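Predicted model, so just to flag it, every value in this text is computed and none were measured. In what follows, chains carry the letters A, B, and so on, assigned in the order in which the sequence lines appear, proteins first and then strands, with residues in each chain numbered from 1.
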Amino acid sequence: MPSSAAAALSGRVLRDTEAYGKHLFHRYPAGRTLHVHLGLYGRFTDGTGEPPPPLGEVRLRMTTRKHWLDLRGPAACEVLDPAQVDALVARLGPDPLRDDADPDRAYARIRRSNKPLAALLLDQSVVAGPGVIYVTEVLFRAGLPPTTPGRSLDPEAWQDIWTDLVELMREGVERGRIDTVHSRHTPEAMGRPPRVDRHGGEVYVYRRAGQSCLVCGGAVRTGILAGRNSYWCTTCQPD
DNA sequence: GATCTATGTAGAT
DNA sequence: TCTACCTAGATCG
């Protein structure tokens, strides 16, 4: 954070916090808002007692009498005024984790696009929040390949995907990890050992290229879509 | 110890 | 479509 931004917040008391998609907002007095986006590498660490000496580049440190919180590697850590916050939120699609989300707004974008569904769902101006794990897994659960053109998605299929995103992401917040493996499709039920992603969650196809599908046993396929790794099962997600 | 990779996105080409 | 950004854990040799 530039020193001017640090000066704007240093010593101030945090009033409120809010998340919109992958963006975190901390509200401070006088309309000042700290905006944090973790990007690919950003990470918070926290603890109790005296904060440790800063290790590496600490972009933000928050403290109370009992707790401390450090932020390293974020894509964004900046102070915005209300107009800048409004502009940022205005370019985001509906967030499945928010009560004010309007899934019809996302579907209007999807149904008039020929782009692959995976690319559309990763586009934060279409849907705000889901990353490549949720998008990969929700498409598996829907039985649709990531290459499905947005235009071909019917309203019922979109409703199912949206509902699934809401449920999976709420569960992710509660558990602090991404689990997408449905009870009736558990690896245990399929007679195979559970596969825990290195991020700590159980998933069907994400980063499982070449391994066997947990549901049908076929090989999980991988490819690059919209610049991101994509994974799917050609049997469970037929064209 | 060096190199690779990645829950992402903005900006250049 | 490509590249840079930036950090840390995984993987390689």
Peer 1: Distance alone, cut at 3.5 Å: any donor-acceptor contact between the side chains of A:Thr163 and A:Gln159?
Peer 2: yes
Peer 1: Quick one: stems involving DNA chain B, counted as three or more successive Watson-Crick or G-U pairs, both distances short of 3.5 Å.
Peer 2: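 Stem list for DNA chain B: B:1-6 with C:7-12, B:8-12 with C:1-5.
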Peer 1: Nearest-Å distance, OH (A:Tyr20) to C1' (B:dT9)?
Peer 2: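 These atoms are roughly 18 Å apart.
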Peer 1: Which class fits the ring pair A:His23 and A:His37: parallel under 30°, tilted 30 to 60°, perpendicular over 60°?
Peer 2: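 A:His23 and A:His37: perpendicular rings.
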Peer 1: Which residues pass the side-chain contact (heavy atoms from CB on, under 4.5 Å) test with A:Arg65, not counting sequence neighbours?
Peer 2: none
Peer 1: Starting at OH of A:Tyr231 and ending at P of B:dA6, how long is that distance when rounded to a whole Å?
Peer 2: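 Whole-Å distance recorded here is 6 Å.
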Peer 1: Quick check for you: among B:dT9, C:dT7, B:dA6, whose closest atom lies nearest to any side-chain atom of A:Asn229?
Peer 2: B:dA6
Peer 1: Provide, to the nearest angstrom, the distance between the NZ atom belonging to A:Lys22 and the P atom belonging to B:dA6.
Peer 2: 16 Å
Peer 1: Is it true that atom CG of A:Asp239 has more than 12 heavy atoms of other residues, nucleotides or ligands lying nearer than 6.0 Å?
Peer 2: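 No, because the 6.0 Å sphere around CG of A:Asp239 holds 12 heavy atoms or fewer from other groups.
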Peer 1: What is the distance, to the nearest angstrom, from the CZ atom on A:Arg207 to the C1' atom on B:dT5?
Peer 2: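 Between C1' of B:dT5 and CZ of A:Arg207: 8 Å.
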Peer 1: Please report the distance, rounded to the nearest Å, between OH in A:Tyr134 and P in B:dA6.
Peer 2: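 Atom OH in A:Tyr134 sits about 19 Å away from atom P in B:dA6.
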Peer 1: Does CG in A:Leu55 sit with more than 12 non-hydrogen atoms of other residues, nucleotides or ligands closer than 6.0 Å?
Peer 2: no
Peer 1: Kindly point out which of B:dT5, B:dT9, B:dA10 is positioned nearest to the side chain of A:Arg91?
Peer 2: B:dA10
Peer 1: Would you kindly compare A:Arg43 and A:Leu40 by the position of their nearest DNA chain C nucleotide and give the one closer to the 5′ end?
Peer 2: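 Counting from the 5' end, the first nearest nucleotide belongs to A:Leu40.
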Peer 1: Whether the A:Arg109 and A:Ser125 side chains hold a donor-acceptor pair (N or O, under 3.5 Å, no angle test) is what I'd like checked.
Peer 2: yes
Peer 1: Can you tell me the distance, in whole Å, between the CD atom of A:Glu78 and the P atom of B:dA10?
Peer 2: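 Distance check: A:Glu78 CD to B:dA10 P gives 11 Å.
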Peer 1: May I have the distance from A:Arg72 (atom CZ) to C:dC5 (atom C1'), rounded to whole angstrom?
Peer 2: 18 Å
Peer 1: Heavy-atom count check: over 12 atoms from other residues, nucleotides or ligands less than 6.0 Å from A:Arg43 CZ?
Peer 2: no
Peer 1: Taking the same atom, P, in C:dC5 and in B:dT13, what whole-Å distance lies between them?
Peer 2: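 Taking atom P in both C:dC5 and B:dT13, they lie 13 Å apart.
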Peer 1: Look at A:Arg59 and C:dT7 and indicate whether a side-chain polar atom (N or O) is within less than 4.0 Å of OP1 or OP2.
Peer 2: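 For A:Arg59, the contact criterion (side-chain N or O under 4.0 Å from OP1 or OP2 of C:dT7) is met.
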Peer 1: What integer number of Å spans the P atoms of B:dT5 and C:dG13?
Peer 2: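 12 Å, rounded to whole Å.
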Peer 1: Please report, rounded to the nearest Å, how far the P atom of B:dA10 is from the CG atom of A:Leu92.
Peer 2: 9 Å
